[in-house]
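Throughout, residue positions are numbered sequentially from 1 according to the sequence presented.
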Amino acid sequence: MAIHNARGLSTLTRLACGASLAVLTVSPVWAQDAAEVATDEAAPVEGEIVVTGFRASLQAALNVKRDSVAAVDAIVAEDIAKFPDQNLAESLQRIPGISIQRDGGEGRAITVRGLGAQFTRVRLNGLETVATSTDGASSNRDRAFDFNVFASELFSSIVVHKTAEASLDEGSLGAVVDLNTGNPLGGKSGLRGAVSVVGSYNDLSKDLGPRVAGLLSWRNDAGTFGASVSAAYSKGTTLELGNNSVRWAQARFDSVNGTNCWTTANSGGTYVPGTACNQAALAFHPRIPRYGEIEHRRERLGVTGSIQFEPTESTRFSFDALFSRFREDREEKWGEVLLRSNERSINVVNPVYDANNNMISATLNDAWVRTEHYLRKSETQFTQFGGTWDQDISDSFRFTLLGGMSKSKADIPVETTIVFDDRDAQGYRYDYTDMKSPLLTFGTSVSDPAVFQLAEIRDRPSNVTNKFKTAQLRTEWDVTDGFQVKLGGMWRRFNFDSVAFTRDSAVCGNGGTSLVTSTSGTIACSATSLFGPTAVYGFPVTAALSELFTLGKAGQPTGTTTQWLIPSFPAATDFTRLYSRTANPDTGNTRAVQETTSGGYLQFDVKGELFGMEYAGNAGIRYAHTAQASTGVLSGSVVTVKRSYDDWLPSFNVALYPQEDVIIRGAIAKVITRPTLGNLTPGGTIDGFNYRVSYGNPQLDPYRATNFDLGVEWYFAPGAVLSAAAFVKKVESFPISQAFTATFASTGLPKEALPPSSPAFINFDPNQLYTITANINGAGATLKGVELAAQIPFTAFLDQGFFSHFGILANATFIKSDADYNVQGPAILPGGALVNAVRSATLFGVSKRAYNGTLYYDDGAFSSRVSASYRSRYIDANSGTGNVFEGYGATWNLDASVRYKLTEWVELSVEGNNLLDTYRYRFTDFDADRSYENNHFGRTILFGARFKM
């Protein structure tokens with residue numbers, strides 16, 4: 001019928017996933033609409049296999065993959081409000097070529113074929129969008145999509161487009177990911193619904209939280225009107241326990257094994273070179289060795305609504321809305337020694353060095369002991385409204401008109417740190433012989449308020465708001481049998497706004513001249529040159545201002561100090577009157593980008609038979625005009641820089657069918673990803689803790705690349721496939737950061753641009769050397785890879801019996817990439833500048849190997865599965881303080897689930913996530929593998945019931 005073709009305009013983005021059964025067929029790609037494959041009302045005929053549950057979701061997803069000319073993978077809900085995993089990112093890692101990055105124990109961002117989250121475009125019900133959260137150590141201020149904002153129960157399918165088509169939105173070097181929330185006309189007539197009630201227990205936090213989801217949908221008997229609404233709510237607490245070095249660095253110490261390294265002790269004087277002093281100065285030591293606890297208190301609420309109206313066989317209207325609210329309180333408690341910038345006063349005893357030039361253990365006297373209490377309250381609200389009009393003008397011509405808007409607002413009203421210091425502690429010992437589990441022992445009491453002073457307060461409220469507006473017109477014309485023309489136009493406007501403020505203050509930031517008001521009045525501070533137990537650099541700590549913290553299972557060895565005092569909230573904030581202080585603009589993180597994209601595409605789709613072999617293909621070109629206006633703060637003034645550029649993006653996809661069950665795919669395309677948002681600012685940021693200045697560049701070119709893909713798929717049995725794909729991405733333009741060393745005075749920036757609580761501000765020296773980085777348009781890079789995948793239900797070999805209910809999903813990805821980076825390596829003279837160099841390495845975020853595997857059992861009533869994922873070591877950023885690159889170590893993750901259907905309407909379930917309680921290890925310096933952090937999040941067990949009508 002005519003409407004079948006109209007639906008075909010958006011087959012992959014409006015996939016009907018309200019199905020509780022699916023029918024697997026072996027028709028050619030052009031013969032079926034994937035939306036009809038998964039519908040409840042598809043009546044099985046002779047020779048077809050009807051399955052339910054997890055098998056049904058696998059078969060529906062396989063049909064999407066098979067019925068596409070381009071390279072596509074999909075994940076389909078097993079039933080209404082029943083997505084296969086508890087987290088969208090964790091579902092996506094099952095797809096070949098996709099790896100995920102976790103924050104707080106949950107999947108947050110994805111990497112597709114070696115390219116990170118900023119290279120992946122995400123569409124929600126066909127509309128491109130950005131969802132920004134403040135989970136993890138910092139907020140996402142880029143184009144990356146945070147998958148942890150949404151509850152997985154709200155979604156019915158995910159479709160991943162790995163190769164480009166002219167009719168597919170541009171902006172991705174990696175992939176375009178479609179998230180779909182439902183299709184009311186795709187289900188049965190009448191009223192349908194489902195409710196899921198789950199308890200989520202984390203064995204590290206000992207928290208039991210609720211996870212509730214429900215869906216209600218209705219379709220009339222005529223199939224002309226349907227509506228659905230869904231909601232999901234969850235709340236829970238997880239702990240992150242472990243250690244952190246905050247990188248390693250070189251510096252000159254006060255003395256080494258009793259040998260004075262300076263002509264005067266503690267401060268001032270002249271450096272005295274010597275064997276012991278030089279060896280210690282040129283070796284790397286941990287900057288802030290510490291153990292601690294991070295508590296994540298999360299709450300999610302999501303609501304979706306969809307209405308579809310089909311007044312005639314030629315017309316369909318669809319309206320979708322989605323709201324999500326993600327709240328998180330992140331609370332950190334640390335006990336540490338602040339070597340960073342304070343090495344000048346520290347005496348080193350019995351240092352031990354390893355082959356990588358690390359001072360892996362030592363005892364420190366006159367050490368700067370610090371305890372921190374950090375609290376960040378954040379909330380992300382996401383709202384989207386969209387509508388689609390599918391219309392058949394005739395049997396051969398049809399169009400889709402699509403439009404909508406979305407807004408993602410990430411607020412951080414509170415980001416507070418309160419600090420206790422003891423700046424002349426004796427007998428502190430660290431030992432990093434085991435980089436992942438160092439021994440950290442405080443020699444003096446860290447549980448006695450009398451030894452501490454409240455020395456520093458910080459608060460850094462901020463907001464990131466992203467807005468998208470989209471309008472698209474897509475048309476299709478069936479010129480002849482096997483030849484179709486697609487023509488379309490689009491307009492998008494993306495607004496990114498970031499504002500930030502600081503209430504930072506060192507209590508005695510200016511030595512004896514500084515008086516800071518508290519509820520008890522003011523204090524007379526000592527001069528900064530005064531050192532020892534009589535020095536006054538903060539308010540005296542009392543029991544009322546403090547609380548005793550006890551470290552849990554953080555992987556620490558025996559002998560590590562596990563109890564220390566930390567500032568107490570809200571007593572310390574009330575005492576210092578922190579929140580009544582005037583917030584000052586944080587100019588480095590106050591910036592905006594408005595990006596307007598307009599253009600269109602022309603695409604030709606063909607299918608037919610050549611030399612007895614069926615084929616299908618498409619070829620076309622996409623034009624995109626990009627107009628950008630980038631705003632930032634430069635030397636105290638607001639500056640806006642405008643620019644525009646044009647891209648012509650040809651693409652070609654072909655699918656050959658040498659046999660009915662074999663598909664050979666090939667693709668070539670020009671693709672782009674627009675520059676990182678933070679790099680487009682005409683302003684800059686100043687880091688007074690690490691002595692770094694970074695400038696943006698609003699004239700950065702986009703990442704441009706040519707992608708080549710070749711793959712083969714063998715559908716050797718119903719529900720089964722073996723596939724292999726090779727891909728090459730030749731990145732022609734690749735923005736890079738260029739670093740050099742210069743004095744602060746040479747930047748022309750005033751002292752007031754420095755954070756007032758930073759060492760650079762407190763001990764201001766215009767001749768202090770800074771690492772200065774600027775973003776420039778650099779040379780290209782190359783990425784090559786291979787994907788191998790298998791989906792094998794044991795019914796492919798066994799007709800019946802116990803083992804016929806088993807199946808395997810497995811994939812492996814192997815990637816080789818190279819790019820040249822400007823880096824700064826170690827200083828070669830004590831106290832000297834870092835050495836600039838060019839280093840070849842993999843692209844950031846690229847793991848050379850990734851494996852995923854699932855063994856499942858499904859007999860219709862009872863189902864279970866065990867899933868394992870592996871990702872090899874990778875770098876994700878340039879490092880600092882003389883370290884060359886930083887990144888994450890290899891990880892294994894294991895998940896499992898068991899479900900039992902008591903009746904057709906009631907199902908019980910138990911699931912386990914992160915069953916290995918995998919530690920996340922981050923290193924700084926690729927060669928030396930110095931520990932940056934090593935922490936774990938515990939196992940999460942979910943148990944509950946699902947009810948359907």
Side-chain angles (χ1 to χ4, degrees), residues 87 89-90 93 99-109 111 135-137 148 201-207 236-248 286 288-296 330 332-336 358 360 430-440 551-560 562 845 847-852 867-877 879 885-896 912-926 928-941:
N87 181 285
E90 289 160 12
Q93 71 178 337
S99 298
I100 70 171
Q101 185 167 353
R102 296 173 184 260
D103 258 328
E106 292 186 347
R108 179 182 183 185
T111 295
D135 202 5
N148 53 1
Y201 176 77
N202 182 271
D203 70 344
L204 197 59
S205 66
K206 309 299 182 185
D207 175 76
T237 299
T238 59
L239 290 183
E240 181 178 340
L241 292 175
N243 65 80
N244 192 315
S245 69
V246 199
R247 297 195 186 94
W248 294 53
I288 312 178
R290 61 186 185 175
Y291 273 97
E293 171 189 286
I294 303 173
E295 183 177 1
H296 303 266
R330 177 187 175 101
E332 303 181 13
K333 303 170 182 178
W334 298 100
E336 62 200 29
N358 299 317
I360 57 170
Y430 74 83
D431 188 343
Y432 276 84
T433 301
D434 181 349
M435 277 286 180
K436 294 182 177 180
S437 299
L439 172 70
L440 305 180
L551 183 68
K553 297 178 180 178
Q556 69 272 26
T558 302
T560 296
T562 57
S847 290
K848 293 183 178 180
R849 300 179 306 282
Y851 311 116
N852 289 283
S867 299
S869 62
Y870 170 80
R871 184 176 185 180
S872 66
R873 186 175 188 248
Y874 66 97
I875 61 174
D876 71 340
S879 193
F885 303 127
E886 60 191 44
Y888 291 90
T891 58
W892 273 105
N893 283 280
L894 183 69
D895 306 321
N913 293 338
N914 191 28
L915 293 177
L916 298 177
D917 192 12
T918 301
Y919 274 69
R920 181 184 63 183
Y921 174 67
R922 183 170 179 83
F923 62 83
T924 184
D925 199 275
F926 182 81
D929 195 27
R930 302 179 181 110
S931 174
Y932 193 135
E933 66 176 352
N934 192 41
N935 43 40
H936 70 133
F937 310 92
R939 303 168 182 85
T940 300
I941 308 299

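- Shown here are the side-chain hydrogen bond (donor to acceptor under 3.5 Å, both in side chains) partners of Glu295, two or more places apart in sequence or in another chain: Arg297.
- A 4.5 Å side-chain heavy-atom check between Phe885 and Ser879 finds every atom pair outside the cut-off.
- Looking at Thr940, its side chain never comes within 3.5 Å of a backbone N or O of Asn913 through a donor-acceptor pair.
- A heavy-atom distance below 4.5 Å is not found between the side chains of Tyr432 and Asn358.
- Taking each heavy atom of Ser869 and Asn852 in turn, the nearest pair found is CB-OD1, 2.9 Å.
- Under the 4.5 Å side-chain criterion, counting only non-hydrogen atoms from C-beta, Asn893 is not in contact with Leu916.
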TODO: Would you check, one step at a time, whether the test side-chain contact (heavy atoms from CB on, under 4.5 Å) holds for Tyr291 with Thr560?
DONE: CA-CA 9 Å; Tyr291 273 97; Thr560 296; 3.8 Å; yes
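- Summarising the geometry, atom CG belonging to Leu440 is positioned 10.5 Å from atom CD belonging to Glu336; distances are rounded to the nearest 0.5 Å.
- Note: Asp895 CG to Gln93 CD = 7.0 Å, rounded to the nearest 0.5 Å.
- A cation-pi arrangement is found for Arg873 relative to Phe926, the charged atom lying closer than 6.0 Å to the ring centre and inside a 45° cone about the ring normal.
- At a threshold of 4.5 Å between non-hydrogen side-chain atoms, the residues Met435 and Phe923 do not count as touching.
- Between the side chain of Asp431 and the backbone N or O of Thr433, at least one donor-acceptor pair lies under 3.5 Å.
- Formation of a donor-acceptor pair under 3.5 Å by the Arg871 side chain with backbone atoms of Ile100 is found in this model.
- Side chain of Ser872 to main chain of Ser847: no donor-acceptor pair is present (N/O by atom type, distance under 3.5 Å, no hydrogens or angles).
- Between Ser931 and Asn243 there is a side-chain heavy-atom pair separated by less than 4.5 Å.
- The closest side-chain heavy-atom distance from Thr558 to Leu439 is not below 4.5 Å.
- With rounding to the nearest 0.5 angstrom, the CZ atom of Arg247 is 10.5 Å from the CD1 atom of Ile288.
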request  = Mind running side-chain contact (heavy atoms from CB on, under 4.5 Å) on Arg920 and Thr891 for me, showing each step along the way?
outcome  = CA-CA 7 Å; Arg920 181 184 63 183; Thr891 58; 5.6 Å; no
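- Here the closest heavy-atom approach between residue Arg939 and residue Asp203 is recorded as N-OD1, 2.7 Å.
- A donor-acceptor distance shorter than 3.5 angstrom exists from the side chain of Asn914 to the backbone of Gly938, with no hydrogens or angles considered.
- Of all heavy-atom pairs spanning Ser99 and Ala850, the tightest one is OG-CB, 3.6 Å.
- The line from CD of Glu933 to CZ of Arg290 is 9.0 Å long, rounded to the nearest 0.5 Å.
- To the nearest 0.5 angstrom, Leu241 atom CG is 11.5 Å from Asn934 atom CG.
- Aromatic ring centroids of Tyr870 and Tyr851 lie under 6.0 Å apart.
- The minimum heavy-atom distance between Phe937 and Leu204, with the atom names listed, is C-CD2, 3.8 Å.
- Looking at heavy atoms from C-beta onward, Asn244 lies in side-chain contact with Trp334 at the 4.5 angstrom threshold.
- Side-chain contact between Tyr919 and Lys436: absent, with no pair of heavy atoms (C-beta onward) separated by less than 4.5 Å.
- Between the side chain of His936 and the backbone N or O of Gly555 there is no donor-acceptor pair closer than 3.5 Å.
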